[in-house]
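Bear in mind that the values here come from a model prediction, so they are computed numbers and not experimental data. Each residue takes its place number in the sequence, starting with 1.
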Amino acid sequence: MIGSIVSAIIIGAIIGALARLILPGRQNLSIGLTLIVGIIAALIGTAIAASVGLTNTRGINWWEHLIQLAVAVIGVLLVVQMQARKSH
């Protein structure tokens, strides 16, 4: 259980940071918010991969990570847009 939480935090941090790097321009997100978006994206991406049968692979599951990254990019975009609306 604790190992799963730690791995979710690590993968979430990596996924969130990669999502911010992929998006053009500057995103005004804190590190904590990036971590939260990344963790949520990792969990949602894993659930999507499991629902389509992509979780039982040998080695690194690249499809699952790509899905997680796509969800993280969408998540970062949504959070940035929500913050922009609040500031106006």
Side-chain angles (χ1 to χ4, degrees):
M1 180 73 174
I2 291 180
S4 298
I5 294 171
V6 171
S7 66
I9 291 171
I10 292 170
I11 291 172
I14 293 169
I15 295 293
L18 284 174
R20 287 187 62 185
L21 287 173
I22 289 172
L23 291 172
R26 181 181 165 118
Q27 299 87 33
N28 193 17
L29 255 66
S30 67
I31 293 171
L33 195 52
T34 301
L35 180 66
I36 291 169
V37 169
I39 290 171
I40 292 169
L43 294 172
I44 293 171
T46 299
I48 292 170
S51 70
V52 295
L54 295 174
T55 55
N56 294 329
T57 61
R58 293 186 207 181
I60 297 173
N61 192 342
W62 294 109
W63 288 111
E64 180 178 358
H65 294 311
L66 286 173
I67 293 169
Q68 291 171 335
L69 185 58
V71 173
V73 167
I74 294 168
V76 168
L77 282 172
L78 290 174
V79 170
V80 168
Q81 288 178 353
M82 287 172 41
Q83 285 184 338
R85 286 182 186 156
K86 281 184 180 180
S87 66
H88 288 136

Item to complete: Using side chain to side chain contact (heavy atoms under 4.5 Å, CB included) as the criterion, list what pairs up with I36, not counting sequence neighbours.
Response: I40

Fill in: Nearest heavy-atom neighbours spanning I15 and A72
CG2-CB, 3.3 Å

Fill in: Residue pairs, two or more places apart or on separate chains, that pass side-chain hydrogen bond (donor to acceptor under 3.5 Å, both in side chains) and touch residues 37-48
T46-E64, T46-Q68

Practice prompt. Report whether V37 and I9 are members of the same hydrophobic cluster (ILVMFWY, side-chain heavy atoms less than 4.5 Å apart, transitive linking).
Written response: no

Practice prompt. Might you confirm whether atom CG of L21 has over 12 heavy atoms from other residues, nucleotides or ligands at distances under 6.0 Å?
Written response: yes

Worksheet item: Are I48 and I74 in one and the same hydrophobic cluster, where Ile, Leu, Val, Met, Phe, Trp and Tyr link if side-chain heavy atoms are under 4.5 Å apart?
Response: no

Worksheet item: Quick one: do L35 and I10 end up in the same hydrophobic cluster if we chain Ile, Leu, Val, Met, Phe, Trp and Tyr together by side-chain heavy atoms under 4.5 Å apart?
Response: no

Item to complete: Not counting sequence neighbours, which residues clear side chain to side chain contact (heavy atoms under 4.5 Å, CB included) with L54? List them please.
Response: A49, V52, W63, I67

Worksheet item: For the residue pair V73 and A19, what are the closest heavy atoms and their distance?
Response: N-CB, 3.7 Å

Worksheet item: Which residues satisfy the side chain to side chain contact (heavy atoms under 4.5 Å, CB included) test with I2, sequence neighbours excluded?
Response: V6

Worksheet entry | NE2-CG distance between H65 and L18, expressed to the nearest 0.5 angstrom | 11.0 Å

Discussion item. Working to the nearest 0.5 angstrom, can you tell me the gap between L69 CG and I14 CD1?
Written reply: 11.5 Å

Worksheet item: Tell me the side-chain hydrogen bond (donor to acceptor under 3.5 Å, both in side chains) pairs involving residues 8-32, sequence neighbours left out?
Response: R20-T34

Worksheet item: Would a hydrophobic clustering, with Ile, Leu, Val, Met, Phe, Trp and Tyr connected at side-chain separations under 4.5 Å, put V80 with I22?
Response: yes

Response to the item:
Sequence neighbours excluded, the answer for side chain to side chain contact (heavy atoms under 4.5 Å, CB included) partners of L43 is I39

